[in-house]
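Read through the structure below, which is laid out as structure tokens, and then see the notes.
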Amino acid sequence: MIGSGNRFAMTVCPDDALTASQREVQRLLGLCLLRLQAYERLIKTLVAEHEFSGLALDLEAVRRAQVEGVSRNTLGQMAGIFLRSYLVAGDDNTAPDPELASAESLPHVGFKFRVELTEADYAQAESDIRELVQLRNTLVHHFIEQQDFDSLDGCRHAEEALIAASDLIGQSYERLREWAEDMGKALEAMQSDQFRTTMIKETVLAPRGRTRRH
């Protein structure tokens, strides 16, 4: 738009350029939300499966119940549970499960996997997870109202913010995936022939009242 007498000059981007930029913002926002959903699904899986206990014949039912239980939680709720149960600052000196300790006859099985971190690493992990939860809330509830999508500069600013957000989500997901791989190795070891033999000897064939925790 050019004012009379050329006293004012404003450069207006063509409609097609603005439309293309708006579409790129939409694509990037969708990518971020998809990545956040993947992160949320993984953290729910870790929380649901990193610890379980019960009668040997009931473990699958216990697992299904735990998966169903966490499915209704928000990412913020899952982050709190994850930080309290999956990550540990220092040595894990958790007391034995009372149910296992009091078992008398039927074989009980317990599994617990936790990642032990130094105090400094735990504090950093907690900060990173809380930051991701805040980022998720911003993208879902406030991002549109915080950005100017009616100008090319505004769209470019939104693109930069979303690229940074996508990178942060990706880094957080990779860290979570590494912890998941460690737990997967532990679960795989439980399925080995050697482990099954040990379990048969120490639970099914164990004297009455004896239990075994892994």
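Residue numbers count from 1 along this sequence.
Within 6.0 Å of CD1 on Ile144 lie no more than 12 heavy atoms contributed by other residues, nucleotides or ligands.
Counting all heavy atoms, side chain and backbone alike, Ala38 lies closest to Tyr173 at O-CE1, 3.7 Å. Across Met78 and Asn73, no two heavy atoms sit closer than the pair SD-CB, 3.3 Å. Contact between Ser21 and Arg156 at its shortest, heavy atoms only, is OG-N, 4.2 Å. The minimum heavy-atom distance between Ala125 and Trp179, with the atom names listed, is CB-CH2, 4.3 Å. Scanning both residues, Gly154 and Gln147, for their nearest heavy atoms gives O-OE1, 4.3 Å. Between Ala158 and Val25, the shortest heavy-atom distance links the atoms CB-CG2, 4.0 Å.
Within the 3.5 Å criterion, the main-chain N or O of Thr138 finds no donor-acceptor partner in the side chain of His141. No donor-acceptor distance shorter than 3.5 angstrom exists from the side chain of Ser166 to the backbone of Leu162, with no hydrogens or angles considered. Within the 3.5 Å criterion, the main-chain N or O of Leu132 finds no donor-acceptor partner in the side chain of Tyr39. Side chain of Glu126 to main chain of Leu83: no donor-acceptor pair is present (N/O by atom type, distance under 3.5 Å, no hydrogens or angles).
Contact annotation: the side chain of Asp153 never approaches that of Asp148 to less than 4.5 Å [non-hydrogen atoms, C-beta and beyond]. Counting heavy atoms from C-beta outward, Val115 and Phe113 have side chains that approach closer than 4.5 Å. In this structure the side chain of Ile129 reaches within 4.5 angstrom of the side chain of Leu87, judged on heavy atoms. No side-chain heavy atom of Leu36 sits less than 4.5 Å from a side-chain heavy atom of Glu40.
The line from CD1 of Ile163 to CG of Leu168 is 14.0 Å long, rounded to the nearest 0.5 Å. Note that the CD atom of Gln37 and the CG atom of Leu75 stand 11.0 Å from one another [nearest 0.5 Å]. One distance of note links CD1 of Ile43 with CD1 of Ile81; it measures 9.0 Å at 0.5 Å rounding. A distance of 14.5 Å separates CZ in Phe82 from NZ in Lys44, rounded to the nearest 0.5 Å. One finds the CD atom of Gln22 at 10.5 Å from the CD atom of Glu159 (value rounded to the nearest 0.5 Å).
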Show, in sequence, the C-alpha distance, side-chain angles and deciding distance for Glu181 and Lys185, and conclude whether the salt bridge (charged side-chain N to carboxylate O under 4.0 Å, His left out) test is met. CA-CA 6 Å; Glu181 288 180 350; Lys185 292 176 182 178; 5.8 Å; no
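A continuous path of hydrophobic side-chain contacts links Leu28 to Val140 [ILVMFWY only; heavy atoms under 4.5 Å]. Cluster membership for Leu31 and Leu33, using ILVMFWY side-chain heavy atoms within less than 4.5 angstrom, is not shared.
For the residue pair Asp128 / Gln124, a side-chain donor-acceptor distance below 3.5 Å is found, with atom types taken as modelled.
Using a cutoff of 4.0 Å between basic side-chain nitrogens and carboxylate oxygens, Glu174 and Arg177 are scored as salt-bridged.
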